Asker: 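I'd like to ask some things about the structure below.
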Amino acid sequence: MASVRVRFAPSPTGMLHVGGARTALFNWLYARHTGGRFILRIEDTDRARSTDEAVAIIFDGLRWLGLDWDEGPGVGGSLGPYFQSQRTEIYAGYVDRLLSSGTAYEADGAIRFRMPKSPCIIRDLICGDVRFDRLEEPDIVIRRSDGSPVFHLVNVVDDIEMGITHVIRGEDHLSNTPKHMALFEALGAPIPQYAHIPLILNPNGSKMSKRDEGASIGEYIRSAFVPEAVRNYLCLLGWSPKDDREILPIDEVERLFDLGNVNRANARFDLRKLVWMNGQYLRALSPRAIRELAQPLLAAAGLADASADPAHTEAVIGLFREKLQRADELPGRAVYFFKDDYPVEPDAAARLADPANRENLRLLVPAFESLGEFTAAATEAAVRDLAAKSGQKAATFIHPCRAAVSGCTAGPSLFHMLEVLGRETTLIRLRSASA
RNA sequence: GGCCCCGUCGUCUAGUGGUUAGGACACAGCCCUCUCAAGGCUGGUACACGGGUUCGACUCCCGUCGGGGCUGCCA
């Protein structure tokens, strides 16, 4: 059997949609699983929308997800060019063939293809056999009166020219497939195997489109999601390993993935679960990796630019790592590690207004001053010692202290936090709060 | 409207004639604990409906209902 050749053929619309990304992923997985080739082809026949920037967004999204292509823009291949805008001669040749064989004709300046009025059966690898009677199919336009070729034609021509063996695409194309099969037949080309994958829907069940929350891969890149997490989540929309595993390394998915075990029902997109999964991946990352991921976000928030001490940033990240689900939570939660003018929550302010708490904060100052090493262990010992001597619970020192040094009522372990803050900053904030 | 696909907890799914219908997210409670998380434990919630077939249906068939897609000189 000839080796598998699959393709992802997006049109540059200015974004990479999660549905498109999932289609690309399944094509890529199938190619990797079978040892075949994954081809990227840009369907940029609509010149107005197809800017270099729009094309770059697709490349960036695919690369971010780790979906490398074997043939296509940037990597070449013998069956290019891989931009439809550069293939107009090829399409013209095929239209001529259709015209001279009589299976296409001119009408109102456009060229129409004679749709056969006979039944056809799609032997779909996912949907099973699907029969279309095709009795009333109108003759489709394959070249517009302005001379530009239409999607159905270019799609089929390119699949023929590029030797595509398996067409893996969204189920929204299932109804188009009889047209495509007729075109393959009229051109004397073998019909590829089809695999129509279910669609990704909004939480409310409507079709997910550009504007919907979470629809753009670019959003995940900008908010510093872990690409492996997004990819892992996408794998599970319409496919599963059939056991109870969900967090799966990609090479394991490559090994297990097959078109036969792709679901047939549409799936709704659940951002909460994606975020949970992102948290799972995030926690497995080193503080350094998280720092690199979150760097643009921290810089944008004015917290840690290029000149910031990476060791300090990583120490801060170490404190938060277990608590984060998304890297973009970091700037909002770690302000007080980077600036002295951090916000104070109302509950924290109330705590600091309490005279009893302020008295405890005053006691903390000399206790911390006298410490040899300002470590988490040392400050904790000092606080617990102070609590014991004053007959109070440690919490009556801990909570006000947290409020005093961070302006928050929740955060990382207090003592580890103090260590990262350092003695000097800690004492300044304690004195200021208790004054 | 016509044609096509689909229908297991709120969501993602496992299940291919006999299961206490499993897992995960979310939710609730408990444990842990300096807070918040994380983690652990526990709990509730599902086979769309109606007919068949069968000793026996979530599993097979038909119908209904519901959701989605296509029906362009968009892709």
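Each chain gets a letter, A, B and so on, in the order its sequence line appears, and its residues count up from 1. Remember, predicted model here, so these are calculated numbers, not experimental data.
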Asker: What's R283(A) touching, base or sugar-phosphate or nothing? Going by heavy atoms closer than 4.0 Å.
Answerer: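 If one applies the 4.0 Å heavy-atom cut-off, R283(A) turns out to touch the sugar-phosphate alone, with no base involved.
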Asker: Taking atom P in both G40(B) and C4(B), compute the distance separating them and give it to the nearest angstrom.
Answerer: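 48 Å, rounded to whole Å.
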Asker: When the P atoms of A28(B) and C65(B) are compared, how many Å lie between them, rounded to an integer?
Answerer: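 Each nucleotide's P atom is 39 Å from the other's.
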Asker: Say we look at C60(B) and A14(B): how far apart would their P atoms be, to the nearest angstrom?
Answerer: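 Between the two P atoms, the distance is 14 Å.
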Asker: Across the strands shown, which category fits G238(A) at heavy-atom distances under 4.0 angstrom: base, sugar-phosphate, nothing?
Answerer: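 Sugar-phosphate contact only.
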Asker: Who is the Watson-Crick or G-U wobble partner of A24(B), with both distances under 3.5 Å?
Answerer: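 When the pairing criteria are applied, U11(B) turns out to be the nucleotide that pairs with A24(B).
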Asker: Is there a side-chain polar atom (N or O) of N263(A) under 4.0 Å from OP1 or OP2 of U13(B)?
Answerer: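 Checking N263(A) against U13(B): at least one side-chain N or O falls below 4.0 Å of OP1 or OP2.
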Asker: Kindly assign one of parallel, tilted or perpendicular to the pair H166(A) and Y30(A), based on the angle between their ring planes and the thresholds 30° and 60°.
Answerer: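 H166(A) and Y30(A): tilted rings.
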Asker: Side-chain donor-acceptor pair under 3.5 Å between N278(A) and Y220(A), yes or no?
Answerer: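 The criterion, which ignores hydrogens and geometry beyond distance, is not satisfied for Y220(A) and N278(A).
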Asker: Kindly say if S240(A) contacts the phosphate of A14(B), meaning a side-chain N or O under 4.0 Å from OP1 or OP2.
Answerer: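 For A14(B), OP1/OP2 do have a side-chain N/O of S240(A) under 4.0 Å.
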Asker: Give the nucleotide from the list G69(B), C4(B), G39(B) with an atom nearest to the side chain of L199(A).
Answerer: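 Minimum distance to the L199(A) side chain belongs to G69(B).
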Asker: In whole Å, I'd like the distance from the CD atom of E171(A) to the P atom of U71(B).
Answerer: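 From E171(A) CD to U71(B) P: 14 Å.
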Asker: For RNA chain B, whose closest nucleotide is more 5', that of A395(A) or that of D139(A)?
Answerer: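 Its nearest nucleotide being more 5', the pick is A395(A).
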Asker: Of the candidate nucleotides C34(B), U11(B), C4(B), which contains the atom at the shortest distance from the side chain of R268(A)?
Answerer: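 Selected nucleotide: U11(B).
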Asker: Would you say R112(A) reaches C73(B)'s phosphate, i.e. side-chain N/O to OP1/OP2 under 4.0 Å?
Answerer: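 For C73(B), OP1/OP2 do have a side-chain N/O of R112(A) under 4.0 Å.
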Asker: When the C1' atoms of U19(B) and C61(B) are compared, how many Å lie between them, rounded to an integer?
Answerer: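 Those two atoms are separated by 24 Å.
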Asker: Assign N176(A) to base, sugar-phosphate, or nothing according to its heavy-atom contacts below 4.0 angstrom with the strands shown.
Answerer: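 It contacts base atoms.
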Asker: Have a look at L236(A) and say if it touches a base, only the backbone sugar-phosphate, or nothing, with a 4.0 Å heavy-atom cut-off.
Answerer: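 Sugar-phosphate: the residue L236(A), judged by heavy atoms under 4.0 Å, touches backbone atoms but no base.
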Asker: Before accepting this row, confirm whether a basic side-chain N of the pair R41(A)/E43(A) lies closer than 4.0 Å to the acidic partner's carboxylate O.
Answerer: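 Here R41(A) pairs with E43(A) in a salt bridge, since their nearest N and O are under 4.0 Å apart.
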Asker: Within the structure shown, what part of the strands sits under 4.0 Å from G411(A) by heavy-atom distance: base, sugar-phosphate, or nothing?
Answerer: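 Here G411(A) touches the bases of the nucleic acid.
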Asker: The side chain of E322(A) lies closest to which of these nucleotides: C70(B), G68(B), A37(B)?
Answerer: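 Given the options C70(B), G68(B), A37(B), the side chain of E322(A) is closest to A37(B).
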Asker: When you look at NZ of K242(A), are more than 12 heavy atoms from neighbouring residues, nucleotides or ligands closer to it than 6.0 Å?
Answerer: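 Counting other residues, nucleotides and ligands, NZ of K242(A) exceeds 12 neighbours.
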Asker: Taking OP1 and OP2 of A75(B), is either one under 4.0 Å from a side-chain nitrogen or oxygen of T45(A)?
Answerer: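 Yes, such a contact exists.
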Asker: Starting at atom CE of M208(A), determine the distance to atom P of U11(B), rounded to an integer number of angstrom.
Answerer: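 Interatomic distance, CE of M208(A) to P of U11(B): 16 Å.
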Asker: In this structure, how many angstroms lie between the P atom of G72(B) and the CD1 atom of I142(A), rounded?
Answerer: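 To the nearest whole Å, that distance equals 16 Å.
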Asker: Which value, in whole Å, describes the distance between the C1' atoms of nucleotides C49(B) and A37(B)?
Answerer: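 Those two atoms are separated by 44 Å.
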Asker: Over how many whole Å does the gap from K273(A) atom NZ to C25(B) atom C1' extend?
Answerer: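 Answer to the nearest Å: 5 Å.
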Asker: side-chain contact (heavy atoms from CB on, under 4.5 Å) with F113(A): which of L99(A), V95(A), L98(A)?
Answerer: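 Among L99(A), V95(A), L98(A), the one that satisfies the side-chain contact (heavy atoms from CB on, under 4.5 Å) with F113(A) is L98(A).
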Asker: Answer yes or no: is there an ion pair linking D328(A) with R333(A), defined by an N-O contact shorter than 4.0 Å?
Answerer: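 Between R333(A) and D328(A) there is no salt bridge, as every charged N stays at least 4.0 Å from the carboxylate O atoms.
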Asker: With a non-hydrogen cut-off below 4.0 angstrom, is P138(A) in contact with a base, only sugar-phosphate, or nothing?
Answerer: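 Contact class for P138(A): none.
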Asker: Taking pairing as Watson-Crick or G-U wobble with both contacts under 3.5 Å, can you name the mate of G39(B), or confirm there isn't one?
Answerer: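 By the stated definition (distances under 3.5 Å), C31(B) pairs with G39(B).
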Asker: Could you give the CZ-to-C1' distance, from F113(A) to G72(B), as a whole number of Å?
Answerer: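 In whole Å, G72(B) C1' lies 18 Å from F113(A) CZ.
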Asker: Students often get this wrong, so: under 4.0 angstrom with heavy atoms, is R143(A) touching a base, only sugar-phosphate, or nothing?
Answerer: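 No contact at all - R143(A) keeps every heavy atom at 4.0 Å or more from the nucleic acid.
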Asker: Regarding A265(A), tell me which of base, sugar-phosphate or nothing describes its non-hydrogen contacts under 4.0 Å with the strands shown.
Answerer: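 Touches sugar-phosphate only.
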Asker: Determine which nucleotide pairs with A46(B), using a 3.5 Å limit on both distances of a Watson-Crick or G-U wobble pair.
Answerer: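 When the pairing criteria are applied, nothing turns out to pair with A46(B), so the answer is none.
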Asker: Is R384(A) close enough to C34(B) that one of its side-chain N or O atoms is under 4.0 Å from OP1 or OP2 there?
Answerer: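 Yes.
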Asker: Output yes when a side-chain donor or acceptor of D108(A) lies under 3.5 Å from a complementary backbone atom of A110(A), and no otherwise.
Answerer: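 Absent.
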Asker: When the distance from CZ of R333(A) to C1' of U35(B) is rounded to whole Å, what number comes out?
Answerer: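 So the CZ-C1' distance, R333(A) to U35(B), works out to 11 Å.
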Asker: Please evaluate residues R326(A) and E329(A) with respect to the criterion salt bridge (charged side-chain N to carboxylate O under 4.0 Å, His left out), reporting the C-alpha separation (whole Å), side-chain torsions for both, the decisive distance (0.1 Å), and the verdict.
Answerer: CA-CA 6 Å; R326(A) 331 173 22 145; E329(A) 294 170 37; 5.2 Å; no
Asker: Could you check whether atom CG of D243(A) has more than 12 heavy atoms from other residues, nucleotides or ligands sitting under 6.0 Å from it?
Answerer: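 Yes, CG of D243(A) has more than 12 neighbouring heavy atoms, counting only those of other groups under 6.0 Å.
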Asker: Does K323(A) contact A38(B) through a side-chain donor or acceptor facing the base, at a distance under 3.5 Å?
Answerer: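 Between A38(B) and K323(A), which were checked side chain against base, a qualifying N/O pair under 3.5 Å is absent.
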Asker: So does Q280(A) get a side-chain nitrogen or oxygen closer than 4.0 Å to the phosphate oxygens (OP1/OP2) of G39(B)?
Answerer: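 Yes.
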Asker: Looking at A26(B), G69(B), G39(B), which one has an atom nearest to any side-chain atom of R272(A)?
Answerer: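 Ranking A26(B), G69(B), G39(B) by closest atom to the R272(A) side chain puts A26(B) first.
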Asker: Quote, to the nearest angstrom, the P distance that separates G43(B) from C55(B).
Answerer: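 Comparing P positions in G43(B) and C55(B) gives a spacing of 38 Å.
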Asker: Under the side chain to side chain contact (heavy atoms under 4.5 Å, CB included) criterion, do I39(A) and W69(A) qualify, and how do the steps go?
Answerer: CA-CA 6 Å; I39(A) 296 147; W69(A) 50 100; over 6 Å; no
Asker: Hey, is the side chain of R264(A) pairing donor to acceptor with the base of C6(B) inside 3.5 Å?
Answerer: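 When only heavy-atom distances are counted, R264(A) does not reach the base of C6(B) through any donor-acceptor pair under 3.5 Å.
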Asker: Using the C1' atom in both, what is the distance from G67(B) to G51(B), to the nearest Å?
Answerer: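 Per the computed distance, 23 Å lies between those C1' atoms.
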Asker: Select one nucleotide: of C36(B), C4(B), A26(B), the one nearest the side-chain heavy atoms of A410(A).
Answerer: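 Out of C36(B), C4(B), A26(B), the nucleotide with an atom closest to A410(A)'s side chain is C36(B).
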Asker: When the C1' atoms of C12(B) and G7(B) are considered, how many whole Å apart are they?
Answerer: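 Pairwise C1' distance, C12(B) against G7(B), rounds to 15 Å.
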Asker: Looking at every strand, decide which applies to S148(A) at a 4.0 Å heavy-atom threshold: base, sugar-phosphate, or nothing.
Answerer: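 Contact class for S148(A): none.
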Asker: Each nucleotide in nucleotides 58-64 of chain B should get exactly one letter: B, S or -. Can you fill that in based on protein heavy atoms under 4.0 Å?
Answerer: -------
Asker: Less than 4.0 Å between a side-chain N and a carboxylate O, is that true for R255(A) and E252(A)?
Answerer: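 Here E252(A) pairs with R255(A) in a salt bridge, since their nearest N and O are under 4.0 Å apart.
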Asker: Take the angle between the ring planes of Y336(A) and Y342(A) and call it parallel below 30°, perpendicular above 60°, tilted in between.
Answerer: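 Taking Y342(A) first and then Y336(A), their aromatic rings stand perpendicular (interplane angle over 60°).
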Asker: Report the residue (H416(A) or E246(A)) whose heavy-atom-nearest nucleotide on RNA chain B is the more 5′ of the two.
Answerer: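 Between the two, 5'-proximity favours E246(A).
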Asker: Do S175(A) side-chain and C3(B) base share a donor-acceptor contact under 3.5 Å?
Answerer: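 Side chain to base: no pair present.
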Asker: Could you tell me the separation between the CG atom of N204(A) and the P atom of G67(B), rounded to a whole number of Å?
Answerer: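 The distance from CG of N204(A) to P of G67(B) comes to 12 Å, rounded to the nearest Å.
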Asker: Could you give the CG-to-C1' distance, from N266(A) to C70(B), as a whole number of Å?
Answerer: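 Whole-Å distance recorded here is 13 Å.
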Asker: If you check every side-chain atom of K207(A), which of G39(B), C73(B), C70(B) has the closest atom?
Answerer: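 Looking only at heavy atoms from C-beta outward on K207(A), the closest nucleotide is C70(B).
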Asker: Can you tell which of C25(B), A75(B), G22(B) lies closest to the side chain of D244(A)?
Answerer: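 Comparing C25(B), A75(B), G22(B) against the side chain of D244(A), the answer is G22(B).
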